[in-house]
Amino acid sequence: MFTIQLGHPKINTLSDTTFRKVRDVMLKLFHQHEEQWFLLYQDTPIAFSYQQDLYQSFDDIVALNWILQKQTEGQTVVKLNSELFLISITVRWKEEELVADFQFEAHEPLYKSYEAHLNLLASIQTSKSEFQSEWRTLLRQIITSVKVAGVDIEDGTERRKWELLQQTESKIPNYGKLYVRS
C-alpha cells in the first residue's frame, strides 16, 4: 500500500518573489519546522518536511510523474530524502501495471531497525494511475502554494520545468485515496 497524506503548511510572505530554480522556492516559501507531508508505505508513515525534504526531492518527483505519462513501458529510479531516510524507489511499469521497489537507507544508526523493518516490505504492486493519483495531491499543493506566493521563475529552463509540473499534474485524472469521496 502506498498513500500520500498532506499537511497544511503555512506559507511565508516572500520579500523577493523572483527565483532562479523552481525547487529553491521551497526553501523560502515553507516554514522550516511546520507541517509535514507523509508517505504511508505499507501502513507505515514516513514524514517529509515541506521545506528541506521537498527541496531535495522535487526534481525526481516531477520527472517520475512526467515519464509515467509519456511512456507506456519503462523503468526509472526516484530518490526521496526525508529527515530519517534516503529512499530509492525503482519504478517499473508496462501499460497500467506498476511495481515499485523501495530501498530505505537510514541517515543515523538509531534508525537502522526501522530501516530493516521497512526493507522487509520492499515492493508494492498497483496500477500506474493509482500510483500517480497519490502524487497528484502533493503536486497540486505545490502548484497552489507557489501561485499564491506570486513567484516568478527567471531561468528559462527552470520556467519550462514549472510549466511541465503544471501540465503533468493537470493530466493526472484523479487525486489520492485520502482525497476522494467514496
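Everything quoted here is computed from the prediction, not taken from an experiment.
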(request) Kindly determine whether Phe30 and Leu54 satisfy side-chain contact (heavy atoms from CB on, under 4.5 Å), including the steps that lead there. (result) CA-CA 10 Å; Phe30 299 112; Leu54 194 52; 4.2 Å; yes
(request) Step by step, work out the side chain to side chain donor-acceptor pair (under 3.5 Å) result for Ser49 and Gln32. (result) CA-CA 8 Å; Ser49 82; Gln32 184 175 2; over 6 Å; no
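- Between Pro45 and Phe38 the shortest heavy-atom distance is CB-CD2, 4.1 Å.
- Considering OH of Tyr175 and CD1 of Ile4, their distance stands at 13.5 Å, rounded to 0.5 Å.
- Ring planes of Trp135 and Trp37: perpendicular class, angle over 60° (limits at 30 and 60°).
- Counting only distance, with no hydrogens or angles, the side chain of Tyr50 and the backbone of Gly7 share a donor-acceptor pair below 3.5 Å.
- Not a single donor-acceptor pair under 3.5 Å links the side chain of Arg92 to the backbone N or O of Val99.
- Closest non-hydrogen pair, Ser82 versus Ile46, comes out as OG-CG2, 4.1 Å.
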Would you list the atom pairs, donor with acceptor, under 3.5 Å between side chains in residues 63-81 and any protein atom, with sequence neighbours excluded?
residue	atom	partner	partner atom	Å
Asn65	OD1	Gln132	NE2	3.4
Asn65	ND2	Ile61	O	2.9
Gln69	NE2	Thr168	O	2.7
Lys79	NZ	Ser88	OG	2.9
Asn81	OD1	His107	NE2	2.8
Asn81	ND2	Gln56	OE1	2.0

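- Looking at Asp60 and Ile89, their side chains never come closer than 4.5 Å, going by heavy atoms from C-beta outward.
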(request) Given side-chain contact (heavy atoms from CB on, under 4.5 Å), test Val146 with Trp162 step by step and report yes or no. (result) CA-CA 10 Å; Val146 170; Trp162 169 243; 3.5 Å; yes
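- Just one residue in the list Ile87, Leu84, Leu86 forms a side-chain contact (heavy atoms from CB on, under 4.5 Å) with Phe104, and that residue is Ile87.
- The minimum heavy-atom distance between Gly150 and Thr17, with the atom names listed, is O-CB, 3.5 Å.
- Here the straight-line distance linking atom OG1 of Thr18 with atom CG of Asp152 works out to 5.0 Å at 0.5 Å rounding.
- Few gaps surround NZ on Lys128; more than 12 heavy atoms of other groups in view lie less than 6.0 Å from it.
- To the nearest 0.5 Å, atoms CD (Gln5) and CZ (Phe48) are separated by 13.0 Å.
- Between Glu154 and Arg20 there is no salt bridge, since no side-chain nitrogen of the basic residue lies less than 4.0 Å from a carboxylate oxygen of the acidic one.
- With rounding to the nearest 0.5 Å, the separation of CD in Gln141 from CD in Glu169 is 11.5 Å.
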(request) Any chance you could lay out the side-chain contact (heavy atoms from CB on, under 4.5 Å) test for Leu40 and Phe2, step after step, and finish with the verdict? (result) CA-CA 6 Å; Leu40 302 169; Phe2 170 82; over 6 Å; no
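- Side-chain contact between Ile124 and Met1 is absent, with no heavy atoms from C-beta onward closer than 4.5 Å.
- In this structure the side chain of Met26 reaches within 4.5 angstrom of the side chain of Ile142, judged on heavy atoms.
- Rounded to the nearest 0.5 Å, atoms CG (Asn174) and OG1 (Thr137) are 11.5 Å apart.
- Salt-bridge check for Lys161 with Asp155: failed, with every basic side-chain N at 4.0 Å or more from each acidic carboxylate O.
- Counting heavy-atom neighbours within 6.0 Å of Glu163 CD, excluding the residue itself, gives a total above 12.
- The pair Lys177-Glu134 meets the salt-bridge criterion, with a side-chain N (NZ, NE, NH1 or NH2) lying under 4.0 Å from an Asp/Glu carboxylate O.
- For the pair Gln42/Phe102, no side-chain contact is recorded, criterion being any heavy-atom separation below 4.5 Å from C-beta on.
- A distance-only check finds no donor-acceptor pair linking the side chain of Asn12 to the backbone of Leu14 [under 3.5 Å].
- Atom CG in Leu165 sits 8.5 Å away from atom CZ in Arg140 (nearest 0.5 Å).
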(request) Go through the steps to decide whether Leu118 and Tyr111 satisfy the test side-chain contact (heavy atoms from CB on, under 4.5 Å), and finish with yes or no. (result) CA-CA 11 Å; Leu118 291 169; Tyr111 305 113; over 6 Å; no
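- Using a distance-only test at 3.5 Å, with no hydrogens or angles considered, a donor-acceptor pair links the side chain of Arg136 to the main chain of Ile172.
- Between Glu96 and Ser129 the shortest side-chain heavy-atom distance falls below 4.5 Å.
- Annotation: side chain of Arg159 is not in contact with side chain of Val22 (no heavy-atom distance under 4.5 Å).
- The pair Lys21-Glu158 does not meet the salt-bridge criterion, since no charged nitrogen lies less than 4.0 angstrom from a carboxylate oxygen.
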